[in-house]
Amino acid sequence: MTDSISSQLEQVRQRLAAAERAAGRPAGSAALLAVSKTFPADALRSAWSAGQRAFGENYVQELQQKCAELADLGIEWHFIGPLQSNKTRIVAECAHWMHSIDRLKIAERLSAQRPETLPPLQVCVQVNVSGEESKSGCAPEEALALARAVAALPRLNLRGLMCIPEPTADQAQLAGQFAALRRLWQQLRDEGMALDTLSMGMSSDLELAVAEGATLVRVGSAIFGTRDYH
Ligand SMILES: *Cc1c(COP(=O)(O)O)cnc(C)c1O
């Protein structure tokens, strides 16, 4: 497993570097988050040995378990899944980043529960760029107000926006969703918010996301293999 994870990780790094070059962007301007949901702690150790430092998890219980089990490594933990308000404490205590803030109540709880001994939680507001009703994320027209309110919370540091586009084989439609997030992000920056993070792009579409300005791509299956549950 270690061998295949390190070689798959290397392939993803090369894809990312090629995408940066193709977009005329500096090397390293798009960071790689390794999405390790459903994979065992050993898989994360393999990726860590191959130099990966930032890992993303979707499920609170799994984040909590892996944080404890891998405490010796000093991983940078990113929570990227939907979060219920009764589970915010675990994220406030374990994570360095939280990408999926979609309502103020969650942000307020995270800020209140962030331990004083830790630096502020780095956060992104998740936006539903596809308009699908089933999708999480705030509506684009709510993003500015939510971002302002989140930025005012004392124990959170608002870094940017995140999206999960509607899956489609239509590249132009996908690019349009990424571009919509980037425009919104630019609008918030024009309003004076110091945002540096555009969290978009996954295994199948990271090139397109980098072309549209992603500063962080969230890649799971291309590194760890196909997930057989969740
Ligand atoms: C699972 C997941 C990813 C990674 O998806 P892959 O297609 O496996 O690369 C990225 N972002 C979020 C929010 C996810 O839930």
Side-chain angles (χ1 to χ4, degrees), residues 5-6 8-20 23 25-41 43-60 62-64 66-67 70 73-83 91 94-102 110 119-127 129 136-137 156-165 177-178 181-182 185 195-227 230:
I5 288 177
S6 68
Q8 282 161 189
L9 186 57
E10 184 49 34
Q11 281 172 28
V12 169
R13 287 180 179 139
Q14 287 177 12
R15 280 176 64 189
L16 200 50
E20 288 169 339
R25 296 179 44 178
S29 57
L32 176 60
L33 179 67
V35 176
S36 43
K37 64 181 177 213
T38 80
F39 289 98
L44 285 81
R45 285 193 186 276
S46 299
W48 172 275
S49 304
Q52 180 64 30
R53 294 294 175 265
F55 292 83
E57 291 288 336
N58 281 56
Y59 308 99
V60 172
E62 207 179 327
L63 172 71
Q64 190 176 33
K66 286 177 180 168
C67 267
L70 298 167
L73 297 185
I75 282 175
E76 182 181 283
W77 292 108
H78 294 235
F79 189 78
I80 62 175
L83 183 58
V91 172
C94 298
H96 301 83
W97 280 72
M98 156 69 176
H99 293 231
S100 41
I101 301 239
D102 59 358
L110 288 169
L121 184 63
Q122 310 301 305
V123 303
C124 292
V125 164
Q126 181 178 355
V127 182
V129 285
S136 41
L156 303 186
N157 186 10
L158 180 66
R159 298 291 295 272
L161 300 180
M162 179 272 229
C163 76
I164 306 173
Q177 296 181 62
F178 290 141
L181 192 72
R182 190 195 56 227
W185 183 72
L195 307 183
D196 61 4
T197 302
L198 203 43
S199 167
M200 58 188 197
M202 309 196 249
S203 292
S204 59
D205 55 18
L206 71 89
E207 286 83 1
L208 204 50
V210 168
E212 296 297 337
T215 69
L216 178 152
V217 295
R218 309 178 308 267
V219 178
S221 47
I223 297 171
F224 296 107
T226 47
R227 289 177 292 273
H230 288 306

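Basis for what follows: all heavy atoms, side chains included, without hydrogens, waters or symmetry-related copies. Treat the numbers as computed from the prediction; the structure is a model and nothing was measured.
- With contacts defined as side-chain heavy-atom distances shorter than 4.5 Å, the pair Ser199/Leu216 qualifies.
- In terms of modelled atom types and a separation under 3.5 Å, the side chain of Arg218 and the main chain of Ala34 share no donor-acceptor contact.
- Smallest separation of non-hydrogen atoms from Ala50 and Arg13: O-NH2, 2.8 Å.
- Of all the heavy atoms in Phe39 and Gly225, the pair that sits closest is CZ-O, 3.2 Å.
- Of all heavy-atom pairs between Ser36 and Leu44, the closest is OG-CD2, 3.4 Å.
- The pair Arg53-Glu76 does not count as a salt bridge, with every side-chain nitrogen at least 4.0 angstrom from each carboxylate oxygen.
- Counting heavy atoms from C-beta outward, Leu83 and Leu110 have side chains that approach closer than 4.5 Å.
- Contact record, Ser203 with Ala222: OG-N, 3.0 Å, taken as the closest heavy-atom pair.
- Checking Arg227 against Ser221 by side-chain atom types alone, no donor-acceptor pair falls below 3.5 Å.
- Rounding to the nearest 0.5 Å places CG of Leu158 at 11.0 Å from CG of Leu121.
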Derivation of the side-chain hydrogen bond (donor to acceptor under 3.5 Å, both in side chains) call for Gln126 and Asp102: CA-CA 5 Å; Gln126 181 178 355; Asp102 59 358; over 6 Å; no

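- When atom types are taken as modelled, the side chain of Arg25 and the backbone of Ser29 share a donor-acceptor pair closer than 3.5 angstrom.
- Note: Leu198 CG to Cys163 SG = 7.5 Å, rounded to the nearest 0.5 Å.
- To the nearest 0.5 Å, atom OG of residue Ser100 and atom CD1 of residue Ile80 are 7.5 Å apart.
- Between atom CZ of residue Phe224 and atom CD of residue Gln8 there is a gap of 9.5 Å, rounded to the nearest 0.5 Å.
- Here the closest non-hydrogen pair linking Thr197 and Thr215 is CA-OG1, 3.2 Å.
- Glu62 and Glu57 get closest at one heavy-atom pair: OE2-OE1, 3.3 Å.
- Contact check for Phe79 versus Val60: side-chain heavy atoms found under the 4.5 Å cut-off.
- Between His96 and His78, the gap from one ring centroid to the other reaches at least 6.0 Å.
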